[in-house]
Amino acid sequence: MQIGLVGLGKMGGNMRERLRNAGHTVVGYDTNPELADVNSLVDLVEQLERPRAVWVMVPAGAATQGVIDQLATLLRHGDTVIDGGNSRWTDDEKHAEELAKHGINFVDAGVSGGVWGLKNGYALMVGGDKEVVDDLRPIFDALKPEGPYGYVHAGKVGAGHFSKMVHNGIEYAMMQAYAEGWELLEKVDSVDNVREVFRSWQEGTVIRSWLLDLAVNALDEDHHLDNLRGYAQDSGEGRWTVEAAIDNAVPLPAITASLFARFASRQDDSPQMKMIAALRNQFGGHAVESAKK
């Protein structure tokens with residue numbers, strides 16, 4: 001099968017290779033000419049036979065919107081755009097409506113697998129009309145992990161990215177739990193080999209997971225994580241998950257707390273903790289520390 005692929009970074013470039021290894025023809029475009037197979041989106045579209053399928057793998061928001069706006073003028077009735085980035089599901093509904101005016105199909109694909117996807121395959125959560133999604137199954141089958149799992153047609157347009165958003169919210173909470181456990185183990189005097197404690201959990205325990213395996217990898221590289229700063233970004237999906245929970249009155253205390261913990265990591269001197277310290281001093285006479293000059 002032929003497919004165009006827009007965005008050839010760490011994820012997109014590996015996806016191109018995995019698809020080609022499975023025998024598919026991939027025409028790739030990237031703003032970095034050293035990565036691209038063609039010089040422009042016009043060239044990409046011209047090299048594909050109709051009905052065309054173009055997979056967009058660029059950052060969510062303005063970058064994705066810009067590519068879809070261009071494709072709307074280049075593609076024709078019956079062609080399909082797949083958004084495989086981390087777009088918000090509400091953007092999917094907007095993009096589907098915009099492209100439908102030109103007779104162009106739209107599919108959203110939540111993709112998980114990161115830099116390991118080339119070797120292990122990508123978990124795919126797909127949203128869109130069944131007939132359109134079924135036509136793309138050879139592409140999805142090539143990208144997914146071997147075996148019966150790793151792919152789902154989650155529902156209508158937006159369902160793929162909504163499912164991936166919830167996946168990432170769960171990921172936030174799982175990472176936070178491992179991080180809190182690691183810090184507590186590091187804090188006490190009685191445990192003198194925290195790395196090997198984590199390693200011992202990799203088999204035979206209910207908390208074993210790929211994230212745990214990755215934590216052990218990180219501790220092998222840096223025994224006490226001394227070379228890292230305690231600062232964590234969030235890419236948007238955690239916020240969107242919490243917002244969706246509020247909109248639907250679904251309690252998500254663990255995921256919400258993990259998101260707020262990331263916010264706290266960015267504060268060298270927490271304003272909230274200043275107020276807490278002041279209040280403890282006022283009602284209990286607890287000692288306070290002076291700010292460093």
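Predicted, not measured: the structure shown is a model, and the values here were computed from it.
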Next on the checklist: Please determine whether a side-chain nitrogen of the Lys or Arg among E97 and K94 lies less than 4.0 Å from a carboxylate oxygen of the Asp or Glu.
Outcome noted: no
Checklist entry - For W89, which residues count as a ring-ring contact (aromatic ring centres under 6.0 Å, His included) partner, sequence neighbours excluded? => result F162
Checklist entry - Which residues pass the salt bridge (charged side-chain N to carboxylate O under 4.0 Å, His left out) test with E183, sequence neighbours left out? => result none
Can you give the donor-acceptor pairs under 3.5 Å from side chains of residues 49-62 to other protein atoms, not counting sequence neighbours?
unit_1	atom_1	unit_2	atom_2	d
R50	NH2	H77	O	3.0
R52	NE	V45	O	3.2
R52	NH1	D79	OD2	2.8

Checklist entry - Taking everything shown except N39 itself, do over 12 heavy atoms lie less than 6.0 Å from its CG? => result no
Checklist entry - What residues form a side-chain contact (heavy atoms from CB on, under 4.5 Å) with A96, not counting sequence neighbours? => result F106, V157
Next on the checklist: Which residue in the set N86, D92, T90, D91 passes side chain to side chain donor-acceptor pair (under 3.5 Å) when paired with H161?
Outcome noted: D92
Item to check | Cluster overlap Y151 with V107, hydrophobic side-chain contacts below 4.5 Å | outcome: yes
Next on the checklist: Is there a continuous path of hydrophobic side-chain contacts, each under 4.5 Å between heavy atoms, that joins V42 to L5?
Outcome noted: no
Checklist entry - Is the shortest distance from a Lys or Arg side-chain nitrogen in K164 or D108 to a carboxylate oxygen in the other one below 4.0 Å? => result no
Checklist entry - Checking H223 side chain against L219 main chain: does a donor-acceptor pair fall under 3.5 Å? => result no
Next on the checklist: Does this structure show an ion pair linking R208 with D213, if we count only N-O contacts that are shorter than 4.0 Å?
Outcome noted: no
Expected list for residues 124-136: side-chain donor-acceptor pairs under 3.5 angstrom, two or more places apart:
unit_1	atom_1	unit_2	atom_2	d
K130	NZ	D134	OD2	2.6

Item to check | Pairwise ring-ring contact (aromatic ring centres under 6.0 Å, His included) hits with a residue in residues 233-260, at least two apart | outcome: F260-F263
Checklist entry - Between D83 and R88, does a salt bridge (charged side-chain N to carboxylate O under 4.0 Å, His left out) hold up when you go through it step by step? => result CA-CA 11 Å; D83 179 6; R88 187 168 181 157; over 6 Å; no
